[in-house]
Amino acid sequence: MEDADGHGRVRLDRRAVLGLGLGLGAAGLAGWGRPAAAQVRTQARIVIAGAGAAGLSMASRLAAGLEGAAITLVDGRAEHHYQPGYTLVGAGVRPPSYVLSRTRDYVPRGVTLIEEAAAEIDPEANTVVTASGQRLPYDYLVVATGLELNYAGIEGMDVGLIGTNGIGSVYAGAQAARATYEAMSAFADRGGVALFGRPPGEMKCAGAPLKYAFIVEDILTRRGTRAGSELIYHAHNTVLFGVPIVSERVRMLYDQRGIGVRYEHVLKAVDPGRRIATYATPQGDVEQGWDFIHVVPPMRAVPAVRNSPLPWREGNWAADGYLEVDRATLRHVRYPNVFAVGDTAGVPKGKTAASVKWQVPVVTDHLVADLAGRQSGAAYDGYTSCPLITRIGRAMLIEFDYNDNLVPSFPGLIAPLEELWIPWVMKETALKATYVAMLRGRA
Amino acid sequence: MSEITPGVLWAVFWEMLGLWLPVLIAAAVLVTVLFVLVLRRDGLRFRRLVGSQVAGLAGGLAALVFMWAVTNSSPRDVGGPVDVLLLLGIYLLGWGGGTMLFYALAGLAARRRARQPAARPVPRQAA
């Protein structure tokens, strides 16, 4: 996809300047391959609700593309979480510090960060209200608030239970991912029954629940307790993954690895004391005991979005409150000065950092084009990517679009459905660096 | 990746290595310059080259061990032809770099020996 803003400027911070000072020509290298373009002068007020991967990347791109704009980031969380690293922490190969940093470190110069959550969004009055009641009028709004992990949607479940009673959940943050590893590691030392699954509805990184089952199977094997263990994956519908060809491949691998699969099983309750999980099935509720369970909560838009006029009013994404945006432009269908980026966008796929990387240039181009009085042809095709870990040391580099097509970045070289070392090496060495470069608007 | 340009690669490597990036580039440049200088001064010395190539084998192995260590993986994770290519690439980089380094060091050591005055023979003493 074309670099949507077409500007290609890479600002040099102190570290890059130091690189220059060392005589390595950072400035020249940084400009290679992307033609520089003039900034668009504007006095527009742009509010970005949410300063996660999507919000920060948007701020960096907009700050580079606009001169004079008042860009405001609104987010109550001071910590930044590198969420693609959660599974590595949950696997015990990285410490929690690997995924933690400070939001402030990525805020570009000239952009204001308000460290409060967006409490209310009023697109009729073009205003965002923060948790303390501060009103922020805007000309353009980018909603990048991520989504809410609804652990309460599973009866008996609470975030505080992660790490106790054989309960794990890598989604709830760095410490939860570590606690998940500790619970899983204690289980792996003796073996037993391990349960996995995913919730119905849209979710971030739908590959993670599958990965974690692979990882646990691998660790059991390494510790010599695999033979006495049973692993069961509970799919919420009749497939293991939304992309049919990937689903089939995972089914084959699960079969080879002896991971059982139960379809149309939705986790509805856990009883930590008795270690009993209850699943809703078409035939009624089914109970299953566990020695270890990886809980993936239902997910939905955050309250500020759900309670605003912005969500879909009908269809798949209405109940969970995702924004009603055009799937190609990510522009709101009813409020043209509102865009959605990242997990909160009501589009069929794309709740990964890789999706953000593709979405941000598209939204930037449309917003800058509006301000410059031109039309943008940039479109997001639903691209997303998932290095699907199949064991510690191997992964499949799965990339696909809205139409369930595989769209490999390295066709003919890295086979997308093959368990390989190279995607693992990429995940371990280059992915976080690419992610941080994306936050800074450089990749 | 949506686009892989030298600028993007630079940004990614910068985030990956931080200040180690210029240090590593400087080290690579230094070794290359020394190798070329020694080559121009002494010409190609066959015995020295073979010795350096043999010593460079350890450099290739060190590169692989380093990669496995930093990526929490091992030789058993090689899964397909592209992995073998990656393995060979890493090994060749380590081997090539090691060869150049040892060749340059051997050349510098030879020059230092040549500069030192020859040892005077010790006269035999009658028993």
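Residue numbers start from 1 in every chain, and the chains themselves are labelled A, B, ... in the order their sequence lines are given, proteins ahead of strands.
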So which part of Glu419(A) gets closer than 4.5 Å to some heavy atom of chain B, the side chain, the backbone, both or neither? backbone
When you measure from the side chain of Trp14(B) to the backbone N and O of Ala437(A), does any donor-acceptor pair fall under 3.5 Å? no
When you measure from the side chain of Arg442(A) to the backbone N and O of Val8(B), does any donor-acceptor pair fall under 3.5 Å? no
Heavy atoms of other groups near Tyr91(B) OH, more than 12 under 6.0 Å: yes
If you count heavy-atom pairs within less than 4.5 Å of chain B, which of Ile414(A), Thr429(A), Leu88(A) leads? Thr429(A)
Bottom line for Leu87(B): the part with an atom under 4.5 Å from chain A's heavy atoms is both
Between Val12(B) and Ala430(A), which heavy-atom pair has the shortest distance, and what is it? CG1-O, 4.2 Å
Gap separating the [atom1] atom of [X] from the [atom2] atom of [Y], nearest 0.5 angstrom:
X         : Y         : atom1 : atom2 : answer
Thr434(A) : Glu15(B)  : OG1   : CD    : 9.5 Å
Arg76(B)  : Arg394(A) : CZ    : CZ    : 8.0 Å
Met426(A) : Leu86(B)  : CE    : CG    : 10.5 Å
Ser73(B)  : Ile422(A) : OG    : CD1   : 11.5 Å

Step by step, would you call Trp424(A) with Asp77(B) a side chain to side chain contact (heavy atoms under 4.5 Å, CB included)? CA-CA 9 Å; Trp424(A) 172 267; Asp77(B) 296 318; 5.9 Å; no
